[in-house]
2 protein chains.
Amino acid sequence: MNNTSKPVYLKLRDIISESILDGEYSEGDMLPSVRAFAIEQGANPLTVAKAYQGFQEDGLVTVKRGVGMFVASGAKIKLRDAQRADFIKNIWPPVERQMKRLNIELDELLENEA
Amino acid sequence: MNNTSKPVYLKLRDIISESILDGEYSEGDMLPSVRAFAIEQGANPLTVAKAYQGFQEDGLVTVKRGVGMFVASGAKIKLRDAQRADFIKNIWPPVERQMKRLNIELDELLENEA
DNA sequence: CATACTGCTTCACTGCCATAATACAGCGAT
DNA sequence: ATCGCTGTATTATGGCAGTGAAGCAGTATG
């Protein structure tokens with residue numbers, strides 16, 4: 001949703017997600033280390049670790065202790081499916097409800113970008 | 001623990017908004033008192049007051065101290081326009097971005113409800 | 001004035017987020 | 001084995017948001 005009023009570790013998680021979905025990090029690639037990513041994003045290493053933690057719990061990254069964290073096999077599809085399901089179940093319904101309440105048509109939303 | 005991911009005072013705010021937009025409370029009508037609405041919604045009076053507070057700051061309700069809170073003149077249109085603007089500016093863009101990223105077509109969203 | 005409603009203010013508790021300073025543990029190259 | 005990287009655990013602290021209890025303040029009515 002809004003990236004401005006969101007906890008840092010969730011924003012970091014979104015950045016990783018998008019990087020994987022967009023192919024910036026392919027399966028088997030090593031993700032930035034917690035320390036490197038922390039410096040890059042101006043965050044605390046522990047906050048980055050907290051963001052990474054969710055991915056390993058979901059099996060999207062595998063940890064080689066002492067080496068680094070790597071994008072797991074099938075992570076891209078798995079991530080895509082999970083986000084699609086979440087979007088359809090949790091994101092879209094309130095959006096559609098709001099559109100109906102405010103009489104917003106899809107046309108006026110799609111015109112705004114060529 | 002927190003099955004309700006959204007703060008109570010924001011949910012209350014949404015309820016008020018919808019009631020005004022749907023015409024349940026017309027302009028000049030008195031809104032439920034903080035205590036009455038608190039009991040009705042199973043919330044704390046202070047939480048209700050906090051929800052109401054945002055509306056008076058936006059000039060959508062006028063306060064007659066010691067009497068009650070009343071829907072301001074032009075509140076419905078004002079509220080509708082504000083929510084439309086917010087939707088188009090803040091809500092829709094990330095939704096659309098996510099749809100593109102996940103290759104979600106509008107068709108599969110609109111089919112689910114006939 | 002007394003009563004009963006109204007909104008609102010103050011103080012405090014709780015939980016979550018982010019940060020910090022260490023310290024520990026695993027791996028690879030020199 | 002040592003050095004330098006990797007992730008992880010511990011404990012503590014500051015800040016902030018959400019909620020709640022009690023009481024203060026304004027208004028209408030009799």
Side-chain angles (χ1 to χ4, degrees), chain A residues 1-17 19-20 24-73 75, chain B residues 1-17 19-20 25-73 75 90:
Chain A
M1 309 241 258
N2 219 348
N3 266 358
T4 51
S5 60
K6 216 177 188 178
V8 175
Y9 82 99
L10 286 182
K11 280 190 270 189
L12 297 176
R13 222 177 51 175
D14 287 347
I15 294 175
I16 310 288
S17 288
S19 297
I20 294 178
E24 186 173 342
Y25 297 118
S26 299
E27 304 181 4
D29 286 359
M30 176 177 164
L31 294 171
S33 76
V34 287
R35 293 172 175 88
F37 197 50
I39 293 174
E40 179 187 330
Q41 295 293 330
N44 190 280
L46 271 86
T47 307
V48 176
K50 185 173 184 178
Y52 278 169
Q53 196 176 347
F55 286 103
Q56 31 175 327
E57 287 170 356
D58 294 342
L60 296 173
V61 306
T62 57
V63 182
K64 293 183 185 175
R65 213 186 151 105
V67 182
M69 315 198 59
F70 299 81
V71 180
S73 164
Chain B
M1 312 273 248
N2 246 352
N3 280 343
T4 52
S5 53
K6 208 171 184 180
V8 174
Y9 82 97
L10 285 182
K11 280 189 278 190
L12 298 177
R13 190 182 58 97
D14 288 345
I15 294 176
I16 309 290
S17 288
S19 297
I20 293 178
Y25 298 116
S26 300
E27 303 180 6
D29 285 358
M30 176 178 165
L31 294 171
S33 76
V34 286
R35 290 174 239 267
F37 195 51
I39 293 174
E40 179 186 330
Q41 295 293 330
N44 189 281
L46 187 68
T47 306
V48 176
K50 187 172 185 178
Y52 277 169
Q53 196 176 345
F55 287 103
Q56 31 174 328
E57 287 169 356
D58 294 342
L60 296 173
V61 307
T62 56
V63 182
K64 294 183 186 174
R65 209 187 155 103
V67 182
M69 314 196 59
F70 299 81
V71 180
S73 164
N90 299 319

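The sequence lines fix the lettering, A, B, ..., with proteins before strands; numbering per chain opens at 1.
Nearest to the side-chain atoms of A:Val34 among the listed nucleotides C:dG7, D:dT19, D:dG7 stands D:dG7. Of all nucleotides listed (C:dT19, D:dG7, C:dT10), D:dG7 comes nearest to the side chain of A:Met69. You'll find that the side chain of A:Lys50 is closest to C:dC17, out of C:dC17, D:dT8, C:dG7.
The distance between atom CG of A:Asp29 and atom C1' of D:dT6, rounded to the nearest whole Å, is 17 Å. Protein atom CG of A:Leu10 is 14 Å distant from nucleotide atom P of C:dC16, rounded to whole Å. Between the C1' atom of D:dT8 and the CD atom of A:Glu57 lies a distance of 13 Å, rounded to the nearest Å. Distance A:Phe37 CZ to D:dT6 C1': 16 Å, rounded to the nearest Å. Protein atom OH of A:Tyr52 is 11 Å distant from nucleotide atom P of D:dT8, rounded to whole Å. Following rounding to the nearest Å, A:Lys11 (NZ) and C:dC17 (P) show an atom-to-atom distance of 13 Å.
Residue B:Tyr9 places no side-chain N or O under 4.0 Å from the OP1 or OP2 atom of D:dT19. Between A:Ser33 and D:dC5, a side-chain N or O to OP1/OP2 separation shorter than 4.0 Å is absent. An OP1 or OP2 oxygen of D:dT19 is reached within less than 4.0 angstrom by no side-chain nitrogen or oxygen of B:Asn44. Dashed line: the shortest gap from a side-chain N or O of A:Gln53 to OP1 or OP2 of D:dG7 is not under 4.0 Å.
Looking only at distances, no side-chain donor or acceptor of B:Ser26 sits under 3.5 Å from a matching main-chain atom of B:Asp29. At least one donor-acceptor pair under 3.5 Å links the side chain of B:Asn44 to the backbone N or O of B:Leu46. The backbone N or O of A:Arg13 lies less than 3.5 Å from a partner atom in the side chain of A:Ser17, making a donor-acceptor pair.
Taking the nucleotide of DNA chain C with the nearest heavy atom to each of A:Gly42 and A:Val67, the more 5' of the two is matched to A:Gly42. If you find the closest nucleotide of DNA chain C to B:Met30 and to B:Leu46, the one lying nearer the 5' end belongs to B:Met30. Nearer to the 5' terminus of DNA chain D, by closest-nucleotide assignment, is the contact made by A:Gly66 (compared with the other of A:Gly66 and B:Arg35).
Nucleic acid contact for A:Lys64: none, since no nucleic acid atom lies under 4.0 Å from a heavy atom of the residue.
The line from OG1 of A:Thr62 to CE of A:Met30 is 11.0 Å long, rounded to the nearest 0.5 Å.
A donor N or O paired with an acceptor N or O is not found under 3.5 Å between the base of D:dT8 and the side-chain atoms of A:Arg65.
A heavy-atom distance below 4.5 Å is not found between the side chains of B:Val61 and B:Phe70.
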